[in-house]
Structure formats: C-alpha cells, structure tokens
Amino acid sequence: MREGLAGKYVGAKVRRVEDRRLLTGRGRYIDDLNLPDMAHAAFLRSPYPHAHIRRVDIDSARRMAGVFLVLTGADMARLTNPFLGMMALDGLYDPVFYALATDRVRVVGDPVAIVVAESRRVAEDACELIDVEYEPIAAIANMAQAMDPMRPPIWPRARSNVLWEDSQTYGDVEVAFAGADRVIRERFAQHRQSNQPMETRGSVAEIDPVSGELIFHSATQSAHSLKWSLAFLLERTSVWRSIRELATNREKPRKFVVGARAFIKSHPDLRTATKSSQPAMLKQLRREPKRIVHLSEALLGLLAKDPSRRPRVLAQDIGGAFGAKGLVPREDVALATAALQLGRSVKWIEDRNEHLMVGGQAREETLDIDVAVTSDGTILGLKVHMTMDVGAYPGFPFNGAFFAQMVKVMMPGPYRIGALRFDTTITASNKGTYVPYRGPWAAETWVRERMIDVVARELGIGRADIRLANMIGADELPAAMVTGPPLDVRMSARRTLEEALRVADFDSWDAIRDQARSEGRIVGMGLATFIEAAPGPPKFFDYISPGFSALAGVEPAHAVLEVDGSLSVITQQVPHGQGHETTLAQVAADELGVAVEAVRVRYGDSSITPFSLFGTGGSRSAAMAGGVVTVAAQELRQRVVDIASDLMEASTEDIVIEDGHIHVAGTPAIGVSFAEVAAEAVRRRPGSPSDGAIRVTSEWDGGAGGWAQATHVCWVEIDLDTGLVTIPRYVVVEDCGELINPAIVDGQIRGGVAQGIGAVLYERAAYDGDANFQAGTFMDFLIPTAMEIPDVEIHHLQTPSDIFANYRGVGEGGMIAAPAALTNAIEDALAHLGARITEQHLPPARILELAGVIEAEAPTEVGPPDYSAAAAVPAPRPSLIRERMPTLTPAQAQAVRRTATSVRSGARRFADRYAGRP
Amino acid sequence: MSDDRCEVTVTVNGEERSLAVECRRTLAEVLREDLGLTGTHLGCEHGVCGACTVAVDGAAARSCLMLAVQADGCEIETVESLGTEEKLHPIQQAMWDEHGFQCAFCAPGFLMTVYCLLRENPAPTPEEIREELSGNLCRCTGYASILTGVQAALSRGAAADA
Amino acid sequence: MKIPRFTYHRPATEEEALAMLTEFGEDAKVLAGGQSLIPLMALRLSRPAHLIDIGGLRELAAIRERSGTVSVGAAVRHVEVERSALVARAAPLAAAAMPHIGHGAIRNRGTACGSLAHADPAAELPAVALAAGASFVVRRASGERTVPASEFFLGYLTCDMGPDELLVEWRLPTWPVTAGWSVQEVSRRHGDFALLGMAAMIDTDPVGRISTAALSLFGAASTPIRVDAAEKLLTGEPPSAALFDEAAEIVKGQLDPPGDLHGTAAYRKHLGAVLTRRCLSEAAGRLGAAA
C-alpha cells in the first residue's frame, strides 16, 4: 500500500515500519534477550540515605547454592576506574566515585554489592544474606539542609553540600533595573520528578566465549557514549603497565591517537574550548589530586588496550526513556565487571522499585526571579537565582550543572529581554541522581510563563496583552537572545500565540470564567509559549558549553546500496519509541524514489553505526538525522544514477527513479533495477560485502537549524470540595517546520503534554525530611491513566521557508509548556480566592490549601534560604567539617603524593602528544 | 529444592503445556522464560502498570500477580495468540493504522485488555473503554492514539474476532 | 522484585485447608486471588513459609441467599460479586463498592473475602461490611465462630482471626428494601486506593424520618470506622440538606486521619465532611430504590 502523498512520503501519516513486530509481541526488548548459560544479577542496596559502611560480609551469600559471584565496592575500586565528572566549570566540585559504594552510602538504593546467580530470584535471596554494618550520618534531604553548614558534606572533599556557585550577567542589568517603574519578585519551586519509562533500565553483558570480547546489550539512548564510557571505566590497568604496553607496541595506540588528532584538528573550536576550561580542570585536580591518577590510569588504559577488546554496545527495541537511559548507569559498570570476572554472560533488569529509587530523578529546582518592568508592562530585565538539587551521585557524562547552563541560556525565551543576571547554586543531597527529563531546561519556560502572569496581575494588564507586548515578532527578526543564540526569521512563537488566542477565543474568556463562578463553578484558563532549540541555531551548544558543538553538533549517517540491491540507512540514533525506522525511511525513500518499505533503517550497534556521542535526545532526531539522511540519500542516489546511466548509456540528467524502478525519463519500459546497479558497483569496486555495493557516509551540522515553538492553552475545572482538577480542553498551536510524519509529531506532542500534566497533578519522587524515599512503587509514584489525560487538540503552523531539511524537533516541547499552561490555568481559576501558584506540584490537598479551604501543612521540600538575606547565614565551622573528613595515614598520604607527582609528568608528555604538540 | 517445584498444566495459546516450575515463579515469568513468550512484558511486577496483562480463561489478568501454579488447568492467551506480523488481528491492525503506540512496551498489555473487553462487551461506550483501559499505563502517547485505535477496531467489527 | 521461597499447598477440600492451617499456623498464609499478597511478597514485605491456595475450592466459591443473608464464599472473586444479580438486589451497598476496587483485571482475580481478611483500612469492602452490619464466618479445624464486622477489624492489616483460622464466608444481611445507599471515595487517580471513602446507608420510617443511619469511612484510621455521633444526629430526623451538613461537620470533627504523601490529615478530615454530604444525598435519593 502506497501511503505517500503524490509520490512523497515526507508529510504523510505513514504507518510505522516497526509496528508489525511490536504489536505482535515479537519486539526484542532487553529483557527478551536470553543467551545460553546466562547468569542473572541483583544489587544489594542501601536502606539508609547517608551512612558510613563499616563492614560488608559476603561470605554466606557467596556460599549459597546457585550463586556465582559477589562483588562489593572494594572490588570495584580494585577492578575498575572510578566515575570522574568531566564538567570543567570553574569552582564546580565534581566527585570521584565507583560503581558500587565503597566507604559510604549516599542515597537510599545506593548499590553496595552485586550478586550474580543462576536466576534473579536466587540473586535476590543471596542479597539478603549479605551483612552490612552501617553507621548512619545526618542526611541532606533538601536545599535548606544542603546550605546548613552544620550538616556533614556528602562529598567530604567538597567541604560543603553547595557544589557550585556561579553568576553570569548579560546586557546591562543595572541600567535595566534602575530604569524600572517596578521590580516584581517571586520564588518558584519545581519538585523532584522522574522520567519512568514503562521499561526500566537493563543490560546483558555478553562475553563471547571464544574471544572473551564484551558485547554489551543495553536499553541505552546512546550506544557510542555507553561504549566509550565502558571502555574508559572498565578493566583498570596500572599506569606503568599501560606505559609498558604502549612502549612495546606502539602500533596499538597509533590509530587511536591519529583518529583523535584528526578529530581535534577538524574541530578547532574544541581546542580553544579545552584551553579555556583548563584552569577549571587544574583547580579540580588541586582539590582532588587523586583525580590525575585515576584519569591517567583510565586514559592510558584506554590507549593501551587492544581496540578489539573495546566493548561493543548493542541496543534493540527500547521501551521508552525520556532521558533516563542517556547516562551511564553505575550498575552497568558493575554488571560488565562481574561478567568479565566470571567469563560468562550476565543479565540485569532493573526492577520498578530500583528504577524509582535510583533510575533517574529530575527538575528539583527553585528559582528566585526579579523582573524589572515599566508600568505599561514592558519587561526591561531579569535577575534569576536558580538553586538546583542534583542529588548524591552526578550523572555521567552529563551532570546537573550542564542542564543548569541550558536553563540559563534559554531564560529569555522568545521575549525581548535586554538584560539578564543569572545566578546558579548547585546543591547535593542524599537523593537520586539528577538526570535530563524531556526538556531538562524547562524550568525557564515554567518560571517565565508563570512570572509573566504574575507581572500582568500586579500591573493589572491582560495576560495576552503583556505577552504580545514583549514577545519578539516576525518584523523584528532576525534577532538574538541576550544570552547569545540568534533567533532566525522562522522563529514564529508570536504567530503561535496569536493563533492560539484566536482558537481559544481568548477575548471571551474572562466573561465565561466569571459567569461560571457566578454559577458556583471554578474554571480557569492558562497560556504558555515557548521556543525550543531543536536543533537550535548553528553551534547552539557552544552557548551552553564552549566547544560542545564540536562534540555533539554534527550528525553522521551511512546510506548503503547493499549487494543484493536493497537499501539501508545506518544511523547513530537509538530510537526508543520515536519511530525512526519509519521517519528516516520516509526521508530516504523520497530522495531515492523507492517505497518506504524498501529502506531498512539500522541502528543501535556500535560496531556498524557511525560515531557520535549524542545518541537520541534533545528533540534533535528530525532535524539532525532527518537532515543527514536527506544528504546521504541524495548522494547515494547520485552514485546510483551514475552507474545506471552507464548501464543504460544515457545521460545522468535523463535518469529518473520512480517506485524503485530506474529508467530514462519518458521510457519507463526500459530500465535497470537497484540489484543490477549493485551488481555493477560490486564489479567496479570489489571489496568487503559487509560494506555494501555503494556506501555513502555523510555528516550534517544542522544547516540553518532553527527553533521549534508552540503556544499551549489549558482549561481547568476545579472541584473545591475535593481539590481534584479536570482538564476539559487543551490546545496546542505549534510550528516545527515541515512535518515528516504528522501522526508521529502529534503523538510526541500528546505524550509530552501528558507527562507535563502528570508532573503537576500526580507525580512526585518524594522524600521525607530525613531523605527517606517515599515513592518506591507505582502505588505512590502516580503516572496518570487514560481517565486523567484529556484529549489534546493540535493545530500546526508552518512558517514558509525554502531552507534545506526544514524539520525541527517536537520531542520535548509538549512537556516543556504543559506545566506552565496548567499552573497558569489553576491560578486563573483560584485567583479570586487569593491563591498564588508558586510551586509546580499541585495535588488535590495542596489545591485546597491554596484556595484557603483547608489549613496548610509544612512541606518536606524546603527551598534555599532567602538570598537577599544570605549574609545572615552563619559561616561554616571548619572544625566540624574537618571532623568528618576521612583521614589518611601519613604513609597513605605520602603514597598519594608520590603517585600523583610521578604520574603527572608522564601524563603531561602524553597530553602533549595527544594534542599534537612536539 | 524439589519440594519447591510445582507441576503445572496450562493451555497456552491453544496448546497444552505441562511444566515443573519453582512454585514461587509468577505466570509472567514462566510465560517469558520457559515458554519463550516474551511478548508479555513486566513493567512493575506489583500489579499497577498492566503491561503483563494476559487472558486467563478469557478474562484479563495481571500475569505478574499470579503464580504460575495458580494457572494450573487454565486457558491462557497472550499477545502472541492475536495475530502474526503477516496477518494482524483486527485490534492490532487498527492500532497500526492509528499509530496507537510509540515505544510499545505497554502494547501487549493494552491489546490483551482490549481483546478481553471486546469479548465481554462487544459495543463499549467511549467512557467504558477509557475506564477499562485505565488499568494500563502508557508513558509515551497520552492515550489518545490508543483510544482512537480501539474505536477504529470497533468500527471495523473487531469484537467479532475477540 | 522476586517472590521469596515458600512451600505451596493446594488443599482439595476446605477440611484439608483447615488441617494445613492448624499444622503451619503463623508460618502459613492463605492464598485466594493473591492480588494483595503477591505484590507484598514480590516486594519481600511478606514472606510466609507456606502458601495454602484455596482459590480452587469450589465449595467456597458460591454466592448464596439464605435465611435473611447474602453469603459470599471465600473463593468468590470480585468480578462475581460485581456481576451478581443477587448482590445487586439484596446487597446493593456491596455492589456499589465493586467498581471502585482496583481495575477490571484486578477484580477478575481478587476475592472479596481475601480483601476483607487483608483488612486494608483504605479498602472499600471492610467499610461496606461495617456499614451493612455484616458478619464473618471464621473456621478452624476444631470449630467455627461468627464475628460481627464491628468486632472483626482490629488494626492496620489486622483482623480477628487466629493463624489457624480461615475466613470462609462473608454474610451480609439482606438489604431492607426501603433503605438508600451510597459508596463514594476520593482518590488521586481512578482505581487507586481511596484517600478517604465512605459507605453509607440510611433507612426511613413510614413517616419519613431516618430510622437507621450507617456512615462507615475507609482510609480514615487504622481500621474502617463508623461515626456514631453523626449517625445519632441523623436518626429520628427527616433527611434534608441542612441535616446532612450538620452530620458532615460532626464527621469532620470526629476524624483523626493519618496524613501521608498523597494527602494531609487536614485534607482527609475535610473530605470526611464532603463525602458525608455527598453520600447522604445520594443515599437519600435512593431511598426505596431497592424495592
């Protein structure tokens, strides 16, 4: 069945290629993989949020029938390299830690031991036999406790639970605030949320029985990132052994160094960026000299290792992620180590309780905001202080600080904001790891859109009017955000707002609401507009982290005519619900003139897919992968046409490809097939058949890039008896450029809105005031059901443009705007009762508290102290902190110093060579 | 551990199977691990998400909340019984046409819930469908496409095949 | 999240089941539908050494009407209660509670007596039993006793049953045809355990004054509870919105509910008043509806 529109698949609701297997239960999710002789792992996890580990006794567990191996933190410290944060931000404390807890546990669920047994059941039985002696330490449960100098530091080397403080100013903030008629201040708090895909994390570490090679099957969003992280972290080798190895076999690292050098050469920005971050890196080393030992061991080990011994990562069907599967799980490192130790394959599938505890939590951020406005509602400038609670263990390779940068850069959104001061405070707590969750920077949209309503209320201006007065319109483009990123002529946020106001009949709303109130019904309506860098303007990531565009800004792909005449697209993307097997095939099929079913999209195998550390995330697939597949398919088509024109003795310009048939224009009866072209290509260039007959490798930097944008309108009705909120109508007006597959676009938007609604009304990764986790089952972490989620009405706009590959992302937008639209609607509904919505989580009890129906109880999530009164905070008492620092014996200290010094000089030589210096 | 083993005879997707399994294993585990029917997914293992829903004697049941030995003598149907990749069941066909699912990890549970619903009630109202499906969690779609899929299945007479 | 080891027993008769309970006592748990027990075991919060599966005992699987009571056997599943014409006619309060219990797939497997013996204070059926003046037939190898609902629920997940006893029957008095009923609850999501819920019945005398009132709350304390003071207030008065408001205030004043992640104590107290009003108004609308 031909599903394209007028011979074009792009733009059509093509049914998904992957669905036949997924709908019949023939998908291959990670837990569906069963290898011969495969063992099963379970983790013993800490019941305490914060405690010293005094003793771990694994003897009984190890002796249990059916148990093959038990490893603890001490084993990890012996066998692996530690996780080392790579964020070179000045003053940021980035801890060093192992896959399993060594001397202390820092979160409920912290893995203390891995048990490998004949079945998961037996492994869990054995976990119960491990005897751990804990000595509890005062826990850090919230931002206020993190800033309390009397509380012990979670990372003693940090000397504080404030891990980073930063301040950045764009534009002339002083002038903006001096010229203001009013400065309006508010504090907004986002609660701790969690991605919770329906499939948890999980991996199978397969050991090839012949080669001993590690084949790591995993539900990961980024196969290459996981591969290189595992290569970096696994199989610890001493520096001297690596150096010996390198000295005896110089060929081994040569390819690696040459490759790395070529990469650095082709990305000059990277070098500049590395240079600019060097002082920060050196500061980190001074603070924690052991870092250099670990770094050298890991990097030299990586260099010295036989490339064939590097792990191969394989991902197949993945049951969702939303950001939770983009980082490297500590459990994966323990799992791979156990498999390598045993020489046999081991499976670990995270259970829901584990996933809720430690599988990734997000968004716990409090933002204090000052807005300088004139009395007519013109916004002159913002001062924002964001406090982010990143939990205990930082994500690897991206920690919370990275996402804090994104919040900062995106803060102005589509508004004309000429000055911004953005302060950041990052705090640690004894809670789960901060991970990116569908639009990880979304705090900027929620706070900005909420604050605009606050300003409108304070000044007595309409909510639409103030937006229209401050939002950048088409006539002002191109422009730039005060934080740097340019806004091109297709930035159409204002058009989405205007259209949404029309669709929603906004002008009639106040009368409708007041009429309803007079009938005793409590209703409200909220607006929210956002822009999303999907993929963003050229080199967008450099505004987030200098040099990062070079690492992540380029999308590769292969387009292959296989020897049998079939067509493949090979992508580094790792789809996990987005339907790339369909959308990328649509793009390629249009370029190649074949049916969508004729293009096979291959992904997930680090041994065949092109290298990129990004994987799938950041709403980038349509723009980046869609773009590169267009480029690659066009080039492949040209190569096919060249050969076909020879075969048919015709001019290349006269060749057309239609419905998979290659022929001369006007004479469809005479032609050649792709198989014949493939055979000819092989004849001309005999080579490895695994490379196909013709193989094209392309890269795409996003081209003109650009923004996706939307305005959401949410209507609510609130039952003031019960506090239950229903959503009778929800409208999204969006512009993401050309749609590759409208059904998939709409699905992404609806899914995102559902998660945004879930966050506001239902979901919270809750901890009590002592950092004990409260939401360890789906009875307590409440994902909304079909009864709670409304229909979402979607209107598409498309700003006309003739740019190449005018696709922009929609993966995250639904969730970015929904909390803003919903909380704005709730405040609109309750405003006459004096309710002010400054927190994002609004369960029914809280709704009634805010409406004044019941008395409020103190929340367990306590924000940071008032920064304007920060001077009153007592200084830390150093003696207290020192007490809690681990003390090294003089001999240990000497050893550390000695190793650090000797390694430093060796490392410097290698670093020089690595950077291509003489 | 022999005293921990239980004899179980079940009819799975029309085929009678006799097994000796550890008594503590759930029906879901045995379907997946011993019978290779990995279409039945485990999403929470405590009976909330519904990904493991199968038909037990024609009625929807959570296979993670049922010991395999409790299914002794029962007739079990899993997602694998509905249709094949070549010939989808009308409910699967409707879900395909309507882009019902995204990551589709939850799909087998939804499909079996719908299958049992239509067998029980060949003409459910939209409200009844929503209510019945509220026992299954989906994290990707916001449910609209799944509900549309059920309506499409109904309008094509899928109830006759349930 | 895997179930720990246990020894499985499938008695062929009730007698055999009782003998096993005598033998294993504290080490045993009765498995009926397993919809509460299995997840507790998967989380390793419950770890009985022996499971005695009564799910297949046909002799315990009947819903019967006899001598003024509706009797629900130990192996009767929720779905059977939900669809029973007898229950709908002769125990409408129980019938009204059924759609609130979990989701369809849970009701297909779970049993009414299992839920009652589990004695979760947030569950619907214990409160229904309490409002309806139900009783429980509890049997051990050496004999049986009948415990009124008012004495059956002792505390959180605790009821008046010895380790060697089996709840064989739930007996609901046949509904007075003139009485009205209502079961309502407030939960975070559809199908969740109630933040607070109420099972209510009122009956009136020939001149239209309330002759019997039962207000039974779930999710309000460590057991389901009746609110005597409010019931007393209602008795002897003609039903009216003002009366129900007054009753609601009494309920609110009497409650001392727990607070948790999903709702504060103040919120649950408030819901006590809301549900009292709503349930009484619905029950009043159904006076005589069972006739």
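Please read these numbers as outputs of a predicted model, since none were measured by experiment. Throughout, a chain's letter reflects where its sequence line sits, starting with A, and its residues are numbered from 1.
Interface remark: L137(B) contributes backbone and side-chain atoms alike to the contact with chain A (heavy atom separation under 4.5 Å). When heavy atoms are compared at a cutoff of 4.5 Å, H41(B) approaches chain A solely by way of its side chain, counted from C-beta outward. For E131(B), the parts lying under 4.5 angstrom from a heavy atom of chain A are both the backbone and the side chain. Contact annotation for E86(B): only backbone heavy atoms (N, CA, C, O) come within less than 4.5 Å of a heavy atom of chain A. Only the side chain of Y143(B) comes within contact range of chain A, with heavy atoms under 4.5 Å apart.
Comparing G39(B), G142(B), S145(B), S81(B) by heavy-atom pairs within less than 4.5 Å of chain A, the highest count is held by G142(B).
Here E763(A) pairs with R139(B) in a salt bridge; the nearest charged N to carboxylate O distance falls below 4.0 Å. The pair D125(A)-R24(B) meets the salt-bridge criterion, with a side-chain N (NZ, NE, NH1 or NH2) lying under 4.0 Å from an Asp/Glu carboxylate O. For E22(B) and R121(A), the salt-bridge test passes: some basic side-chain N is under 4.0 Å from an acidic carboxylate O.
With R16(A) contributing its side chain and Q102(B) its backbone, the two residues share a donor-acceptor pair below 3.5 Å. No side-chain donor-acceptor contact under 3.5 Å links R20(A) to the backbone of W96(B).
Checked options L88(B), T84(B), L111(B), V79(B); the residue passing with T24(A) is L88(B) (criterion: side chain to side chain contact (heavy atoms under 4.5 Å, CB included)).
Take T141(B) and apply the side chain to side chain donor-acceptor pair (under 3.5 Å) test, not counting sequence neighbours, and it matches no residue.
Taking the six-membered ring where the residue is Trp, H46(B) and F778(A) present tilted rings, their angle falling between 30° and 60°.
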